[in-house]
Amino acid sequence: MYKISELAQKVNLSRTTLLYYEKLGLISSKRQANGYRSYSEFDLQRVKLLQQLQAGGLSLKECQACLEAKINREQLLQRLQTLDEDIAQKQKSRELLSSMLGMSSMRDWHQATDKHAPSAHLDWLMTQGFSEKQALRLKWLSKDMNNHEQYMREFEFIFDGLDRLGPSSTGDAIKALSSIPVKTGELLEIGCGKGVTTIALAKHTQFAITGLDNDEYNLSCLKEHLGQQLSLNKSSSLEPARPPSLQQIELICASMTDMPFSDQQFDVIWSEGSAYIMGVKQALESWKPFIKQDGYLVVSDLVWLTDSPDDEVQQFWLDAYPDMASVASRQQMIEDAGYQVVDSYTLSQASWDNYLQPLQQKVAQLEDHVFVSLAFADLQKELTIHRQYLGQYGYQMFVLKLRN
Ligand SMILES: C[S@@+](CC[C@H](N)C(=O)[O-])C[C@H]1O[C@@H](n2cnc3c(N)ncnc32)[C@H](O)[C@@H]1O
């Protein structure tokens, strides 16, 4: 027999708890002649059994029910499910903490955060010490704070020697130009990359062109291409279409989010496959002041071309470009932002071929190369998606006139 203090010591509980258990009828004492409570070996074991049940996460009430009657399977199953959910949640918290400490990638977290709070996410990345350029590339490419630099090095290594960073063609650019009545003045190309479109625009128009990109390396490739074009045109015995002149193209390394230009400086702003970087809605609004009255904006953007995409492709773009919209809803956004849609067409297969064929060849060449980051795997996945599902989505060119 045990006195209450002895029982309390054996089960590592307080006297008050034991008295409470007794009140619930979980244990029962006998009064000794001196009035002290005494408990049996059976009571000790009941408390130990109770503790074992509590270790399964059951509440005291549930434990009591288990002790007094047959186990209620339904209730236990429910309890198990709640526990599994708690564990999954705790596991997520653990993963997040460990990735914040640099022990693993935060990919899923970045992807999910970007879907629900894109601006706050970008802001937070900059608070963590990333420049705006790095933060934007992290958001769209690496999605990994801890391995971002390695990812970007490998991404640039894959794209080295490839001129197009997205689908485009001279044919599609000329098509857009044909619906713009303004033929001279100033044209700004935003996100000009390595300059394939910049050079095509210089060849086929009279505009003084400014190419803007925030990547020095891309701009240096553009300069090199310009140099090659000039010497090609000089040595050609054929009459050139119209040589692009270096004087006609000015290059500026700056961010599309903070451009060093005057109000109403440009007759035309042109941006292929780049507006999504800061968000199409924001681009439409923040670029507007730089366009002259009666000026034009030409943008291309990835859009859904079907209302019922296959699950796999829908999920892929939901992760990679959560803001991707249908043509109709982009047009609505454009009109709401104060532009009139002058022309809108889906980029041709030739535009995709210009981009995908060299990239596919490069990826095949690098098949045996060892990559540390996910840059190569991500590109392979994207190429597979294009191969299987291109047509359910595509790039749409929008030729827009500023509404007065
Ligand atoms: C998808 S690529 C398109 C490039 C080019 N228009 C083409 O079709 O090949 C996006 C381009 O935007 C540039 N870029 C990314 N963030 C930028 C920013 N904040 N400001 C200016 N350019 C940016 C990249 O360096 C890259 O050249």
Side-chain angles (χ1 to χ4, degrees), residues 118-119 122-123 125-126 130-142 148 151-153 155-156 158-173 176 187-202 209-226 249-261 268-280 282-283 286-287 290 297-302 320-321 323-324 347-348 350-359 362 375 378-379 382 386 394-398:
S119 305
L122 195 69
D123 220 50
L125 287 174
M126 292 199 267
F130 290 96
S131 66
E132 188 212 46
K133 178 180 170 183
Q134 288 170 322
L136 284 169
R137 279 166 169 74
L138 198 154
K139 175 183 157 95
W140 290 116
L141 296 169
S142 74
H148 176 68
Y151 188 103
M152 285 316 302
R153 265 198 301 280
F155 183 85
E156 277 157 13
I158 300 165
F159 273 91
D160 191 37
L162 304 182
D163 292 339
R164 284 177 210 267
L165 306 173
S168 65
S169 66
T170 304
D172 279 322
L187 182 149
L188 166 67
E189 193 196 355
I190 298 175
C192 59
K194 297 178 185 176
V196 265
T197 298
T198 329
I199 291 174
L201 291 172
I209 296 174
T210 304
L212 176 138
D213 202 283
N214 72 348
D215 191 81
E216 287 280 7
Y217 176 70
N218 285 347
L219 291 175
S220 74
C221 294
L222 200 169
K223 264 189 208 144
E224 200 178 312
H225 289 151
L226 265 175
I249 301 179
E250 187 189 354
L251 301 181
I252 293 190
C253 189
S255 176
M256 63 174 78
T257 60
D258 185 19
M259 300 195 292
F261 305 119
V268 178
I269 290 185
W270 196 287
S271 185
E272 290 191 39
S274 303
Y276 76 93
I277 293 165
M278 65 182 289
V280 177
Q282 221 185 320
S286 69
W287 297 349
F290 300 110
L297 172 63
V298 179
V299 277
S300 70
D301 186 34
L302 202 62
Y321 183 21
D323 201 26
M324 189 158 140
L347 289 194
S348 59
S351 278
W352 278 98
D353 290 345
N354 285 342
Y355 168 58
L356 290 180
Q357 283 175 0
L359 182 58
K362 191 72 182 287
D378 282 352
L379 269 170
E382 187 176 329
H386 290 322
Y395 253 97
Q396 191 76 4
M397 191 77 112
F398 298 98

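Every number for a ligand or one of its atoms is a count from 1 in the order of the listing.
- Ligand 1 has at least one atom lying under 4.0 Å from a heavy atom of Arg137.
- Among all non-hydrogen protein atoms, the one lying nearest atom 20 (N) of ligand 1 is Met256 N, 2.8 Å.
- Taking the charged nitrogens against the carboxylate oxygens, Asp160 and Lys362 have no contact shorter than 4.0 Å, which rules out a salt bridge.
- Atoms of ligand 1 lying under 4.0 Å from any heavy atom of Asn218, numbered from 1 in the order shown and given with element: 25 (O), 26 (C), 27 (O).
- Checked by distance only, ligand 1 and Leu136 stay at 3.5 Å or farther apart across all their nitrogen or oxygen atoms.
- Across every non-hydrogen atom of Gly161 and Lys194, the tightest pair is N-NZ, 4.3 Å.
- Checked by distance only, ligand 1 and Ser255 come closer than 3.5 Å through their nitrogen or oxygen atoms.
- Between Glu189 and ligand 1, no pair of N/O atoms sits closer than 3.5 Å.
- The distance from the CG atom of Leu212 to the CG atom of Leu219 is 8.0 Å, given to the nearest 0.5 Å.
- Donor-acceptor pairing under 3.5 Å is recorded for the side chains of Ser348 and Asp172.
- When all heavy atoms of Glu272 and Pro167 are compared, the pair lying nearest together is OE1-O, 4.2 Å.
- Atom 22 (N) of ligand 1 has as its closest protein heavy atom Asn214 N, 3.3 Å.
- Compare Leu162, Asp213, Leu141 by their heavy atoms: the one nearest to atom 25 (O) of ligand 1 is in Asp213.
- Of the protein's heavy atoms, Leu165 N, 4.0 Å lies nearest to atom 7 (C) of ligand 1.
- At a 4.0 Å heavy-atom cut-off, ligand 1 touches Ile277 through the side chain alone.
- Taken to the nearest 0.5 Å, the CG atom of Leu347 stands 7.5 Å off from the CD atom of Gln396.
- In this structure, Phe159 and Tyr355 have parallel ring planes: the angle between them is below the 30° cut-off, well short of the 60° mark.
- The closest heavy-atom contact to atom 11 (C) of ligand 1, among the options Ser274, Gly211, Ala275, comes from Ser274.
- When each atom of ligand 1 is checked for a heavy atom of Ala254 under 4.0 Å away, the hits are 20 (N), 21 (C).
- Donor-acceptor pairing under 3.5 Å is recorded for the side chains of Asp378 and Tyr151.
- Between Thr257 and ligand 1, a contact under 3.5 Å exists for no N or O pair.
- Each of the following atoms of ligand 1 lies closer than 4.0 Å to a heavy atom of Asp215: 25 (O).
- Checked against a 3.5 angstrom limit, the closest N/O atoms of Arg164 and ligand 1 fall outside it.
- By the 3.5 Å distance cut-off applied to N or O atoms, Val196 is not counted among the residues near ligand 1.
- When only modelled atom types and interatomic distance are considered, Asp258 and Ser255 share no side-chain donor-acceptor pair under 3.5 Å.
- The shortest N or O to N or O distance between Glu272 and ligand 1 is below 3.5 Å.
- For atom 1 (C) of ligand 1, the closest non-hydrogen atom of the protein is Gly273 O, 3.3 Å.
- Within the 4.0 Å heavy-atom criterion, neither part of Ser271 lies near ligand 1.
- Under 4.0 Å from ligand 1, not a single heavy atom of Met278 appears.
- In terms of protein heavy-atom proximity, atom 4 (C) of ligand 1 is closest to Gly191 O, 3.3 Å.
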